[in-house]
Amino acid sequence: MEKKVKTMAKGLLIVISGPSGVGKGTVIKKFVDDPELKLAFSVSMTTRGKRAGEVDGENYHFVTKEEFERARENGELLECAEFVGNWYGTPLSEVERLRNEGRNVLLEIEVNGCRQVRNRVPDALTIFIVPPDMNELEKRIRGRATEPEEIVQERLAKAQKEMEMIDQYKYVICNDDADLAADIIRLIIRRYMELAEQ
Ligand code: 5GP
(Lines give C-alpha, C1' and ligand atoms only; values in the text may rest on other atoms or scores of the structure.)
Protein backbone atom coordinates (compact mmCIF):
# COMPACT_ATOMS: atom_id res chain seq x y z
CA MET A 1 0.00 0.00 0.00
CA GLU A 2 1.22 3.46 -0.83
CA LYS A 3 2.32 5.36 2.22
CA LYS A 4 0.91 8.85 2.54
CA VAL A 5 3.58 11.36 3.47
CA LYS A 6 2.11 14.37 5.20
CA THR A 7 3.99 17.48 4.11
CA MET A 8 4.34 20.32 6.53
CA ALA A 9 1.81 23.05 5.91
CA LYS A 10 3.28 26.41 5.00
CA GLY A 11 2.91 28.83 7.88
CA LEU A 12 0.20 31.47 7.92
CA LEU A 13 0.77 35.09 7.13
CA ILE A 14 -0.89 37.23 9.81
CA VAL A 15 -1.24 40.99 9.55
CA ILE A 16 -2.08 43.07 12.60
CA SER A 17 -2.80 46.76 12.17
CA GLY A 18 -4.33 49.49 14.25
CA PRO A 19 -3.79 53.20 14.83
CA SER A 20 -0.79 54.49 16.78
CA GLY A 21 -1.45 54.25 20.50
CA VAL A 22 -4.13 51.55 20.27
CA GLY A 23 -1.94 49.16 22.24
CA LYS A 24 -1.05 46.70 19.46
CA GLY A 25 2.30 45.97 21.08
CA THR A 26 0.71 45.21 24.46
CA VAL A 27 -1.86 42.87 22.93
CA ILE A 28 0.71 41.10 20.72
CA LYS A 29 3.08 40.56 23.66
CA LYS A 30 0.37 38.58 25.44
CA PHE A 31 0.16 35.84 22.82
CA VAL A 32 3.31 36.02 20.72
CA ASP A 33 5.27 33.56 22.88
CA ASP A 34 2.49 30.97 23.08
CA PRO A 35 4.30 27.88 21.70
CA GLU A 36 1.08 26.42 20.26
CA LEU A 37 0.76 29.35 17.88
CA LYS A 38 4.22 28.81 16.35
CA LEU A 39 4.59 32.50 15.71
CA ALA A 40 7.57 34.34 14.31
CA PHE A 41 7.70 38.09 14.30
CA SER A 42 8.89 39.68 11.09
CA VAL A 43 11.36 42.50 11.74
CA SER A 44 10.63 45.39 9.39
CA MET A 45 13.04 47.76 7.75
CA THR A 46 12.56 51.46 8.52
CA THR A 47 14.15 54.81 7.77
CA ARG A 48 12.80 56.21 11.07
CA GLY A 49 15.31 57.08 13.78
CA LYS A 50 15.76 54.69 16.67
CA ARG A 51 13.71 55.52 19.79
CA ALA A 52 15.16 55.17 23.28
CA GLY A 53 15.33 51.51 24.21
CA GLU A 54 14.93 50.20 20.66
CA VAL A 55 17.44 47.67 19.38
CA ASP A 56 18.57 47.40 15.75
CA GLY A 57 17.60 44.01 14.32
CA GLU A 58 15.03 43.41 17.08
CA ASN A 59 12.51 46.24 16.90
CA TYR A 60 13.44 47.19 13.35
CA HIS A 61 16.30 47.05 10.91
CA PHE A 62 17.17 50.75 10.98
CA VAL A 63 18.43 51.77 7.53
CA THR A 64 19.18 54.91 5.53
CA LYS A 65 16.79 56.18 2.84
CA GLU A 66 19.28 54.98 0.20
CA GLU A 67 19.43 51.46 1.65
CA PHE A 68 15.65 51.32 1.83
CA GLU A 69 15.29 52.53 -1.75
CA ARG A 70 17.78 49.91 -2.95
CA ALA A 71 15.88 47.09 -1.18
CA ARG A 72 12.64 48.32 -2.72
CA GLU A 73 14.06 48.58 -6.24
CA ASN A 74 15.57 45.10 -5.96
CA GLY A 75 12.14 43.65 -5.11
CA GLU A 76 13.30 42.62 -1.65
CA LEU A 77 10.16 43.90 0.10
CA LEU A 78 6.82 42.11 0.40
CA GLU A 79 5.21 45.51 0.97
CA CYS A 80 6.24 48.98 1.98
CA ALA A 81 4.64 52.28 2.92
CA GLU A 82 5.42 55.78 4.05
CA PHE A 83 4.15 56.63 7.49
CA VAL A 84 4.43 60.13 9.00
CA GLY A 85 7.51 60.98 6.93
CA ASN A 86 9.37 57.68 7.24
CA TRP A 87 9.45 54.50 5.16
CA TYR A 88 8.66 51.06 6.52
CA GLY A 89 8.83 47.71 4.72
CA THR A 90 8.67 43.94 5.23
CA PRO A 91 11.66 41.88 3.99
CA LEU A 92 10.21 39.22 1.68
CA SER A 93 12.93 36.54 1.93
CA GLU A 94 12.71 36.35 5.73
CA VAL A 95 8.92 36.00 5.64
CA GLU A 96 9.13 33.22 3.05
CA ARG A 97 11.92 31.37 4.89
CA LEU A 98 9.93 31.35 8.14
CA ARG A 99 6.66 30.34 6.48
CA ASN A 100 8.41 27.50 4.66
CA GLU A 101 9.63 26.27 8.04
CA GLY A 102 5.97 26.08 9.12
CA ARG A 103 6.11 29.19 11.31
CA ASN A 104 3.14 31.58 11.33
CA VAL A 105 4.58 34.96 10.49
CA LEU A 106 3.20 38.03 12.22
CA LEU A 107 3.43 41.42 10.53
CA GLU A 108 2.59 44.51 12.54
CA ILE A 109 2.09 46.98 9.71
CA GLU A 110 -0.07 49.93 8.73
CA VAL A 111 -3.08 49.92 6.39
CA ASN A 112 -1.43 50.63 3.03
CA GLY A 113 1.02 47.80 3.64
CA CYS A 114 -1.88 45.49 4.49
CA ARG A 115 -3.55 46.30 1.17
CA GLN A 116 -0.38 45.27 -0.70
CA VAL A 117 -0.12 42.05 1.34
CA ARG A 118 -3.75 41.20 0.56
CA ASN A 119 -3.09 41.62 -3.16
CA ARG A 120 -0.04 39.35 -3.05
CA VAL A 121 -1.26 36.85 -0.44
CA PRO A 122 -5.08 36.82 -0.59
CA ASP A 123 -5.40 34.19 2.16
CA ALA A 124 -3.46 36.27 4.71
CA LEU A 125 -5.21 36.55 8.07
CA THR A 126 -5.77 40.26 8.57
CA ILE A 127 -6.75 41.76 11.92
CA PHE A 128 -7.37 45.39 12.84
CA ILE A 129 -7.32 46.54 16.45
CA VAL A 130 -9.56 49.51 17.33
CA PRO A 131 -9.58 51.62 20.51
CA PRO A 132 -12.70 51.74 22.72
CA ASP A 133 -13.02 55.41 21.69
CA MET A 134 -11.00 58.08 19.88
CA ASN A 135 -10.53 60.30 23.00
CA GLU A 136 -8.85 57.42 24.73
CA LEU A 137 -6.59 57.00 21.71
CA GLU A 138 -5.56 60.66 21.75
CA LYS A 139 -4.70 60.36 25.44
CA ARG A 140 -2.52 57.34 24.72
CA ILE A 141 -0.71 59.01 21.81
CA ARG A 142 -0.03 62.09 23.94
CA GLY A 143 0.91 59.96 26.92
CA ARG A 144 3.88 58.62 25.00
CA ALA A 145 5.26 62.19 24.83
CA THR A 146 8.32 61.10 22.90
CA GLU A 147 7.52 63.16 19.84
CA PRO A 148 6.94 66.85 19.04
CA GLU A 149 3.35 68.19 18.81
CA GLU A 150 3.55 68.33 15.02
CA ILE A 151 4.20 64.57 14.83
CA VAL A 152 1.49 63.88 17.42
CA GLN A 153 -0.97 65.79 15.22
CA GLU A 154 0.12 63.78 12.16
CA ARG A 155 -0.29 60.51 14.05
CA LEU A 156 -3.77 61.57 15.20
CA ALA A 157 -4.82 62.49 11.66
CA LYS A 158 -3.37 59.24 10.36
CA ALA A 159 -5.22 57.29 13.07
CA GLN A 160 -8.50 58.85 11.93
CA LYS A 161 -7.75 57.89 8.31
CA GLU A 162 -6.76 54.35 9.26
CA MET A 163 -10.03 53.88 11.10
CA GLU A 164 -11.81 54.57 7.82
CA MET A 165 -10.02 51.64 6.16
CA ILE A 166 -10.98 48.86 8.51
CA ASP A 167 -13.28 47.21 5.97
CA GLN A 168 -10.26 45.69 4.23
CA TYR A 169 -9.58 43.50 7.30
CA LYS A 170 -11.09 40.08 8.00
CA TYR A 171 -11.41 40.77 11.75
CA VAL A 172 -11.81 43.97 13.78
CA ILE A 173 -11.09 43.65 17.49
CA CYS A 174 -11.60 46.27 20.18
CA ASN A 175 -8.79 46.72 22.66
CA ASP A 176 -10.97 47.58 25.63
CA ASP A 177 -9.24 44.87 27.58
CA ALA A 178 -5.83 43.71 26.30
CA ASP A 179 -6.15 40.20 27.80
CA LEU A 180 -9.50 39.65 26.13
CA ALA A 181 -8.26 41.05 22.79
CA ALA A 182 -5.24 38.71 22.96
CA ASP A 183 -7.47 35.72 23.76
CA ILE A 184 -9.71 36.43 20.77
CA ILE A 185 -6.71 36.72 18.43
CA ARG A 186 -5.29 33.49 19.86
CA LEU A 187 -8.57 31.72 19.08
CA ILE A 188 -8.68 33.04 15.52
CA ILE A 189 -5.09 31.97 14.82
CA ARG A 190 -5.73 28.47 16.23
CA ARG A 191 -8.78 28.10 14.00
CA TYR A 192 -6.82 29.19 10.93
CA MET A 193 -4.10 26.71 11.81
CA GLU A 194 -6.67 23.90 12.02
CA LEU A 195 -8.12 24.88 8.66
CA ALA A 196 -4.66 25.01 7.06
CA GLU A 197 -3.92 21.48 8.26
CA GLN A 198 -7.09 19.98 6.78
P1 5GP B 1 6.30 53.23 14.66
O2 5GP B 1 7.08 54.36 14.06
O3 5GP B 1 5.34 53.70 15.71
O4 5GP B 1 7.19 52.11 15.13
O5 5GP B 1 5.41 52.61 13.49
C6 5GP B 1 4.56 53.41 12.75
C7 5GP B 1 3.60 52.57 11.96
O8 5GP B 1 4.31 51.83 10.98
C9 5GP B 1 2.82 51.55 12.79
O10 5GP B 1 1.45 51.65 12.39
C11 5GP B 1 3.41 50.23 12.38
O12 5GP B 1 2.45 49.20 12.45
C13 5GP B 1 3.80 50.52 10.95
N14 5GP B 1 4.83 49.61 10.43
C15 5GP B 1 5.86 49.05 11.08
N16 5GP B 1 6.58 48.26 10.26
C17 5GP B 1 5.97 48.31 9.05
C18 5GP B 1 6.21 47.69 7.78
O19 5GP B 1 7.13 46.91 7.57
N20 5GP B 1 5.35 48.00 6.78
C21 5GP B 1 4.30 48.84 6.94
N22 5GP B 1 3.51 49.05 5.89
N23 5GP B 1 4.04 49.43 8.10
C24 5GP B 1 4.85 49.18 9.15
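Just so it is clear, the structure is predicted and the values come from calculations on it, not from any experiment. Counting starts at 1 for both ligands and their atoms, in listed order. Quick note: residue numbers are just sequence positions, from 1.
- For the residues Gly89, Pro91, Gly21, Ser44, the heavy atom positioned nearest atom 16 (N) of ligand 1 is part of Ser44.
- Every atom of ligand 1 is numbered from 1 in the order shown, and the set under 4.0 Å from a heavy atom of Glu110 is 10 (O), 12 (O), 13 (C), 21 (C), 22 (N), 23 (N), 24 (C).
- Where the criterion is an N or O separation shorter than 3.5 Å, residue side chain and backbone included, Tyr60 meets it with respect to ligand 1.
- Using 4.0 Å as the threshold, Asn112 has no heavy atom nearer than that to any atom of ligand 1.
- Within the 4.0 Å heavy-atom criterion, neither part of Met45 lies near ligand 1.
- In the vicinity of Gly113, heavy-atom distances shorter than 4.0 Å reach the ligand 1 atoms 22 (N).
- Residue Arg155 has at least one heavy-atom neighbour below 4.0 Å for each of these atoms of ligand 1: 2 (O), 3 (O).
- Looking at Phe31 and Leu39, their side chains come closer than 4.5 Å, going by heavy atoms from C-beta outward.
- Of all the atoms in ligand 1, the ones that sit under 4.0 Å from a non-hydrogen atom of Arg48 are 1 (P), 2 (O), 4 (O).
- Atoms of ligand 1 found under 4.0 Å from any heavy atom of Glu79, numbered from 1 in the order shown, are 18 (C), 19 (O), 20 (N), 21 (C), 22 (N).
- Contacts between Arg51 and ligand 1, counted as non-hydrogen atom pairs separated by less than 4.0 Å, involve the side chain only.
- Under a 4.5 Å side-chain heavy-atom criterion applied to ILVMFWY residues, the cluster that includes Leu187 comprises that residue alone.
- Close approach of ligand 1 to Lys24 (heavy-atom distance below 4.0 Å) involves ligand atoms 9 (C), 10 (O), 12 (O).
- Contact atoms of ligand 1 toward Thr90: 19 (O) (distance under 4.0 Å to a heavy atom of the residue).
- For the pair Ser20 and ligand 1, the shortest N or O to N or O distance does not fall below 3.5 Å.
- Comparing heavy-atom distances from atom 14 (N) of ligand 1 across Glu108, Lys158, Arg115 singles out Glu108 as nearest.
- Glu67 places a side-chain N or O within 3.5 Å of a backbone atom of Thr64 that can act as its donor or acceptor partner.
- For the pair Arg140 (side chain) and Val22 (backbone), a donor-acceptor distance under 3.5 Å is present.
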